[in-house]
Every structure is written in structure tokens, then in C-alpha cells.
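Everything on this sheet refers to the single structure shown next.
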Amino acid sequence: MGMEYTLRPATNDDFEFLLRLRAAALGPYVAHIWGWNDDDQRQRFARAFDPAHYQIVHQREALGGEALGAIEVEQREHETHLVNIALLPRHQGKGVGTALIRSVIARADADNVPVTLQVFKINPARHLYERLGFVVTGETATHYQMRRPVSGRDQ
């Protein structure tokens, strides 16, 4: 079983953590595709930042309570969109991301809607999404769009 975690709503005080998380989890892909500039990334993130969109993933308090990452889910009219899931690199591969995605899937299945997301083509997380029932439904120059039907079935 993976590491136990809790979720809490993000606040404005989480800005620096979320920016560091973005750099750690997505920075290598952004750098490979477009190049990474700290000042530009800070400005872009600040313009788009709304703490109401994020939940911070913490290790269970009994285990230290450390912030591990964040998840951003958008409930749309006919789908649940996994906007972003990011874990600090030292917490990746321990089952937390899988558990988070499974909880998003369970809620979407209960709501009878599919889950959608997009992932950088060079991000190996694509394989995790495929193991969880997502299929590629489209692509851009840099990303795959993926969808997981309700209960793993086509609609």
C-alpha cells in the first residue's frame, strides 16, 4: 500500500510551495520543450494563481504532515478534468499519485462522468494514466489528451 495522505484546500500562503512544486515536477519537461526561465515562470504562475483551484497533498499528520504535492481538479458539465497532479520528486513512485487519481476516478464514476486530462508527451506519467484506464483521444505538438470512460467503459 502507498503512503497515507490527507488533502487540504490551498491558501495564498501556498503560492511559494506550489511554484517550487511546479518547478520540481514539471520543470524538466517545460525546460526540454520551451526552456525554463525562473522569472517568466513565476510571472506566468502568479497571473494564473487561484488557491481555490488547488488541494495540497500532505503526508498523514502521524507520519510528519509534510506537504507532498498538489492536485487540481475541475468539475465540468459533462466530465471531471484532472487539470494537474504534481508530487515532489522524492515522493513520486510511492503510490500517492495512483491513490489520488483513483479517488478522482471513483468520484467521477459516482457522478457518471468520464475523467479527462492532458500530459506532456515526454512525461512518463502517461503510462500510469494508461494503467488506470485512460486512453489517448487527441494530441497537440507537446501534449496527449487522455480520457477515462465512466467505470472504464466506453459511453
Closest approach of Pro149 and Pro114, non-hydrogen atoms and distance? CA-CB, 4.1 Å

What closest approach, in Å, do Gln75 and Thr80 show between heavy atoms, and which atom pair accounts for it? OE1-OG1, 3.0 Å

Side chain to side chain contact (heavy atoms under 4.5 Å, CB included) partner of Leu100, chosen from Ile85, Val73, Ile105: Ile85

Across all chains, not counting sequence neighbours, the ring-ring contact (aromatic ring centres under 6.0 Å, His included) partners of Phe45 are Phe15, Phe49

Quick one: are [X] and [Y] in side-chain contact, heavy atoms under 4.5 Å?
X	Y	answer
Asp109	Val115	no
Arg131	Leu128	yes
Tyr5	Ser103	yes
Leu88	Leu68	no
Tyr54	Ile71	no
Arg102	Leu132	yes
Gln55	Arg8	no

Among the clusters formed by ILVMFWY side chains lying less than 4.5 Å apart, do Leu21 and Leu87 turn up in the same one? no

Can you tell me how far apart [atom1] ([X]) and [atom2] ([Y]) are? Round to the nearest 0.5 Å.
X	Y	atom1	atom2	result
Gln43	Asp38	CD	CG	11.0 Å
Asp39	Asn37	CG	CG	5.5 Å
Tyr129	Leu117	OH	CG	5.5 Å

State whether the side chain of [X] and the backbone N or O of [Y] hold a donor-acceptor pair below 3.5 Å, judged by distance alone.
X	Y	answer
Asn123	Ala125	yes
Asn84	Glu72	no
Lys121	Glu139	no

Trace of the side chain to side chain contact (heavy atoms under 4.5 Å, CB included) decision for Thr140 with Gln145: CA-CA 8 Å; Thr140 68; Gln145 282 90 38; 3.3 Å; yes

Excluding sequence neighbours, so at least two apart, what forms side-chain contact (heavy atoms from CB on, under 4.5 Å) with Asp50? Ala52, His53

Report the C-alpha distance between Met146 and Val119 in whole Å, list the side-chain angles of each, state the deciding distance to 0.1 Å, and finish with yes or no for side chain to side chain contact (heavy atoms under 4.5 Å, CB included). CA-CA 8 Å; Met146 301 185 81; Val119 61; 3.8 Å; yes

The test is side chain to side chain contact (heavy atoms under 4.5 Å, CB included); show your working for Arg42 and Leu19 and say whether it passes. CA-CA 7 Å; Arg42 174 177 284 279; Leu19 184 62; 3.4 Å; yes

Would Thr116 and Glu79 satisfy side chain to side chain donor-acceptor pair (under 3.5 Å), going step by step from the backbone distance to the final call? CA-CA 7 Å; Thr116 60; Glu79 67 187 22; 3.2 Å; yes

So, are [X] and [Y] salt-bridged, with charged N and O less than 4.0 Å apart?
X	Y	answer
Glu130	Arg148	no
Asp14	Arg20	no
Asp40	Arg44	yes

When you look at Leu82 and Gln118, which way does the side chain to side chain contact (heavy atoms under 4.5 Å, CB included) test go after all the steps? CA-CA 8 Å; Leu82 179 56; Gln118 71 173 10; over 6 Å; no

Who else is in Val83's hydrophobic cluster (ILVMFWY, side-chain heavy atoms under 4.5 Å, direct or via others)? none

Here's one to test your reading of the geometry: is the NZ or CZ of Arg126 within 45 degrees of the ring axis of Tyr144 and under 6.0 Å from its centre? yes

